[in-house]
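Each remark here refers to the structure printed beneath this line.
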Amino acid sequence: MEKGKSKKIFEQAQLSIPGGVNSPVRAFRAVGGEPVFMESAQGAYMTDIDGNSYIDLINSWGPMILGHGNPLIADAVTDAVKRSLSFGTPTAAEVTMAELICSMVPSMDKVRMVNSGTEATMSAIRVARGYTGRDKIIKFEGCYHGHGDSFLIAAGSGAATMGEPDSPGVTKGTARDTLTVPYNNLEKLQEVVHENKDQVAAIILEPVVGNMGCVPPIDGYLQGLRQICDDHGIVLIFDEVMTGFRLASGGAQELYGVKADMTTLGKIIGGGMPVGAYGGRADIMDMVSPKGPVYQAGTLSGNPVAMAAGLAMLGYLHDNRGLYVQLESVQQIITGGIRTNMKRLGLNYQINAVGSMFSLFFTETPVVDFETAKTSDLTMFGKYFNAMLNRGVYLAPSQYETLFLSTAIGEAEMEKIIAANYEALQEIHS
Ligand SMILES: *Cc1c(COP(=O)(O)O)cnc(C)c1O
């Protein structure tokens, strides 16, 4: 595979962009080798600037759930562009968007649009603090909630990948207000809640974790969290930036039948444009300015082009709920194929999967939290990643990221992925 053009532009990139990328995990540091620069994408495939094509298993980290170049979304964007890129005034599309989101995620009575998942989570905890009059928040080791200061404590995703789960630059004061607990462990959580009685404003989590690789909640875990929050007057925030509109039309809360007090959204919600949102119970959201005293604003929030893309995407997902069943069966075929491959090769690595999210962990230990995710052999993962890339399958360039399927993946792609997996596993063990 010829990658000369990517290699050259990456060298150039490092002179003007820190590490050559605008988001750390893209730099391939965790897997060795150098990033490939993409030029175009259609359906299930991305094409790089050297002309190589890859089956896409990250799908822009979620948003491309319908595959690339879906005409429904492209046309909506083109239409909106003709009317104006931005007004800085209210538009009717924002109202339609808010109504659609609240109808799809029943725990949300009101919602505010922002421009990224990071903005959504930062704003949500500010509102939860304003609502409860308390300062502390609880997050879980290995969960990622964007790059807000409060969340860069025991953070997953790129922060874990770069070995910087506790980032320099976060003040001690901020760090003190963030308490961390292992995921999937209600006992430890109870202890911390009791030690900090009447001080915890919010518990925030990924209801299915994607940012330490895919880690589902164990039976009863989300229900247990709900109970603890009810008992102690704590705001339960489901960070569904990744899982929202991906695991079900109503997100993980629909799938597991647990209602959050507040929900944060991102990724799919913008159909590929930079969009985030946070919302929840009316009494909590009415704290937000100008209705209430908690300040939060955005020059480009609710941008008309972004709203057009998001509305087209969410409208489609709302009307085509069968698509989640289809996506899950694609996942089951692929993970089933990988399991068969491993059996043939005498390997026993762990696969975690929920709906259209899945991870292959290079460990034999069942992965239920960040401790167990870290038992993975990262060197092996790096080799596997590159072996797959060279066979035309683009995986997330870190063990601590989930993979995302799109509806554009058909029979032919499933076969190629499974065949590439067999060859790659064989190659890295030879
Ligand atoms: C991606 C992600 C974020 C951050 O969203 P950005 O748009 O990258 O700021 C927050 N929370 C979760 C669960 C995410 O997966």
Side-chain angles (χ1 to χ4, degrees), residues 21-27 58-65 105 112-126 128 137-162 165 167 178 180 183 202-217 222 236-247 251-253 255 260 262-279 296 298 300-301 303 306 309-310 313 354-359 370 373 396-398 400-404:
V21 291
N22 280 313
S23 199
V25 76
R26 297 179 196 167
I58 65 167
N59 283 292
S60 188
W61 303 98
M64 298 293 122
I65 188 169
V105 187
R112 173 62 67 80
M113 302 309 302
V114 292
N115 304 292
S116 68
T118 294
E119 250 191 277
T121 54
M122 280 168 43
S123 308
I125 57 162
R126 184 182 306 139
I137 61 160
I138 295 178
K139 77 174 281 290
F140 298 89
E141 290 159 12
C143 278
Y144 180 70
H145 305 292
H147 65 86
D149 283 359
S150 303
F151 301 118
L152 292 180
I153 322 288
S157 189
T161 304
M162 303 300 148
S167 175
T178 301
T180 60
Y183 192 75
I203 292 177
I204 184 167
L205 79 155
E206 302 177 63
V208 171
V209 189
N211 285 298
M212 47 177 138
C214 179
V215 180
L222 299 178
L236 179 60
I237 306 175
F238 275 10
D239 180 356
E240 298 228 39
V241 168
M242 188 181 280
T243 52
F245 314 113
R246 172 155 288 279
L247 297 182
Q253 34 196 303
L255 199 61
M262 295 187 80
T263 300
T264 53
L265 297 164
K267 297 195 168 101
I268 290 178
I269 201 175
M273 300 289 286
V275 180
Y278 68 97
Q296 185 274 313
L300 292 174
S301 294
N303 172 271
M313 172 63 87
V354 181
S356 59
M357 292 164 56
F358 72 97
S359 290
F370 196 39
S398 166
Y400 303 128
E401 302 284 358
T402 183
L403 300 178
F404 301 94

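For ligands, and for the atoms within them, numbers begin at 1 and follow the listed sequence.
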Practice problem: May I ask you to check whether Tyr144 and Tyr400 place their ring centers less than 6.0 Å from one another? | Solution: no
Exercise. State whether a side-chain donor-acceptor pair under 3.5 Å links Ser157 with Glu401.
Key: yes
Exercise. Check for a donor-acceptor pair, side chain of Glu240 on one end and backbone N or O of Gln253 on the other, with a separation under 3.5 Å.
Key: yes
Quiz item: Arg246 side chain to Gly62 main-chain N or O, any donor-acceptor pair under 3.5 Å?
Solution: yes
Quiz item: Does the side chain of Cys143 reach to within under 4.5 Å of the side chain of Tyr183, using non-hydrogen atoms?
Solution: yes
Exercise. Non-hydrogen atoms closer than 4.0 Å to ligand 1: which protein residues do they belong to? List them by chain and number, please.
Key: Ser116, Gly117, Thr118, Tyr144, His145, Gly146, Glu206, Asn211, Asp239, Val241, Met242, Lys267
Exercise. Identify, with sequence neighbours excluded, every residue that meets side-chain hydrogen bond (donor to acceptor under 3.5 Å, both in side chains) alongside Gln296.
Key: Arg112, Tyr278
